[in-house]
Enquirer: 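Sharing a structure below in structure tokens format, with a few things to ask.
Keep in mind that what you see is a predicted model, and the values were worked out from it rather than measured.
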Amino acid sequence: MATKAGNAKKRVIISYANLGSDQLEAFKATYPHGYGESLIRIDKPSGDFFYVVPFETDEISYLVKVDVKIDSKPEEELEKDYYEDDNDEISGAEQIADTSDEDDE
């Protein structure tokens with residue numbers, strides 16, 4: 001009974017920083033508008049995790065490790081960054097209003 005093992009692609013996990021120039025060019029061509037929708041979280045037994053993006057060539061099936069910045073502030077603190085103390089106005093709103101007035105001139 002024949003198996004498909006001879007036809008299986010090699011599977012590799014590689015860091016984005018370690019992609020060769022040809023691989024990097026092909027990766028960018030595969031994800032011309034970014035890879036945010038293709039991220040996969042990999043959980044390690046230790047409780048740590050990392051993110052990868054799938055990427056295929058004719059010979060190899062890659063999981064490309066990418067750095068992902070995760071917001072660690074609670075939502076309440078994030079809102080404080082955008083709103084001034086008690087007047088519930090967005091910080092910098094007057095600057096935006098000033099530049100839009102200049103555009104009208």
Side-chain angles (χ1 to χ4, degrees):
M1 184 170 159
T3 64
K4 293 184 178 183
N7 296 334
K9 287 185 178 183
K10 181 177 178 181
R11 295 178 179 209
V12 175
I13 296 177
I14 188 170
S15 174
Y16 181 84
N18 293 335
L19 289 174
S21 58
D22 291 341
Q23 294 166 323
L24 187 58
E25 188 175 311
F27 182 83
K28 289 180 179 181
T30 302
Y31 297 102
H33 302 291
Y35 50 78
E37 298 293 322
S38 301
L39 285 172
I40 300 170
R41 178 179 161 151
I42 305 293
D43 293 308
K44 299 198 276 183
S46 65
D48 292 336
F49 60 90
F50 59 94
Y51 287 93
V52 296
V53 178
F55 171 60
E56 302 264 338
T57 65
D58 291 338
E59 302 85 28
I60 302 173
S61 178
Y62 292 100
L63 290 178
V64 181
K65 288 175 69 173
V66 293
D67 292 330
V68 175
K69 182 178 178 187
I70 300 173
D71 290 335
S72 58
K73 287 185 178 181
E75 189 172 329
E76 295 167 357
E77 287 187 33
L78 290 173
E79 288 179 6
K80 286 180 186 175
D81 290 345
Y82 293 111
Y83 292 98
E84 292 181 5
D85 297 328
D86 294 325
N87 58 7
D88 290 333
E89 289 186 21
I90 297 176
S91 298
E94 59 280 343
Q95 294 170 342
I96 295 170
D98 289 344
T99 59
S100 64
D101 290 342
E102 291 173 7
D103 292 342
D104 293 340
E105 292 176 7

Enquirer: Given the rule in the side-chain contact (heavy atoms from CB on, under 4.5 Å) test, do Val53 and Ile40 qualify, once you have shown the distances and angles that lead to the verdict?
Expert: CA-CA 6 Å; Val53 178; Ile40 300 170; over 6 Å; no

Enquirer: Taking all non-hydrogen atoms of both residues into account, name the closest pair between Lys28 and Tyr16 and its distance.
Expert: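 Closest approach of Lys28 to Tyr16, heavy atoms only: CE-OH, 3.5 Å.
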
Enquirer: Is it the case that more than 12 heavy atoms not belonging to Glu25 sit under 6.0 Å from its CD atom?
Expert: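 Not more than 12 within 6.0 Å, no.
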
Enquirer: Once you round to the nearest 0.5 Å, how far does NZ of Lys65 lie from CD1 of Ile14?
Expert: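 Separation between the atoms: 11.0 Å.
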
Enquirer: Given ring-ring contact (aromatic ring centres under 6.0 Å, His included), test Tyr62 with Phe27 step by step and report yes or no.
Expert: CA-CA 10 Å; Tyr62 292 100; Phe27 182 83; 9.3 Å; no

Enquirer: Output the distance between atom CZ (Phe50) and atom CG (Leu63), rounded to the nearest 0.5 Å.
Expert: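 Atom-to-atom, Phe50:CZ and Leu63:CG are 8.0 Å apart.
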
Enquirer: Using the rule that two of Ile, Leu, Val, Met, Phe, Trp, Tyr join whenever any of their side-chain heavy atoms come within less than 4.5 Å, decide whether Phe49 and Tyr35 are in one cluster.
Expert: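 Phe49 clusters together with Tyr35.
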
Enquirer: Take atom CG in Asp22; do more than 12 heavy atoms of anything else shown fall under 6.0 Å from it?
Expert: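 Incorrect, the count does not exceed 12.
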
Enquirer: Please report the shortest heavy-atom distance between Phe55 and Gln23, naming the atom on each side.
Expert: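 Nearest pair, atom of Phe55 first, then Gln23: CZ-O, 3.7 Å.
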
Enquirer: Report the C-alpha distance between Val52 and Val66 in whole Å, list the side-chain angles of each, state the deciding distance to 0.1 Å, and finish with yes or no for side-chain contact (heavy atoms from CB on, under 4.5 Å).
Expert: CA-CA 6 Å; Val52 296; Val66 293; over 6 Å; no

Enquirer: Is there a path of hydrophobic side-chain contacts, each under 4.5 Å between heavy atoms, that joins Ile42 and Val64?
Expert: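 No, Ile42 and Val64 fall in different hydrophobic clusters.
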
Enquirer: Take a 6.0 Å sphere around CG of Asp48 and say whether it holds more than 12 heavy atoms from other residues, nucleotides or ligands.
Expert: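 Correct, the count exceeds 12.
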
Enquirer: Can you get from Ile13 to Leu24 by hopping between Ile, Leu, Val, Met, Phe, Trp and Tyr side chains that sit under 4.5 Å apart?
Expert: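 No, Ile13 and Leu24 fall in different hydrophobic clusters.
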
Enquirer: So, for Ser38 and Pro54, which heavy atoms are closest and what is the spacing to 0.1 Å?
Expert: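 Closest heavy-atom pair between Ser38 and Pro54: O-CD, 3.4 Å.
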
Enquirer: Applying a strict under-4.5 Å side-chain criterion to I, L, V, M, F, W and Y, I'd like to know whether Val12 and Tyr31 cluster together.
Expert: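 Looking at the clustering, Tyr31 is in the same group as Val12.
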
Enquirer: Quick one: closest heavy-atom pair of Lys9 and Thr57, and the distance?
Expert: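 Result for this residue pair: NZ-O, 2.7 Å.
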
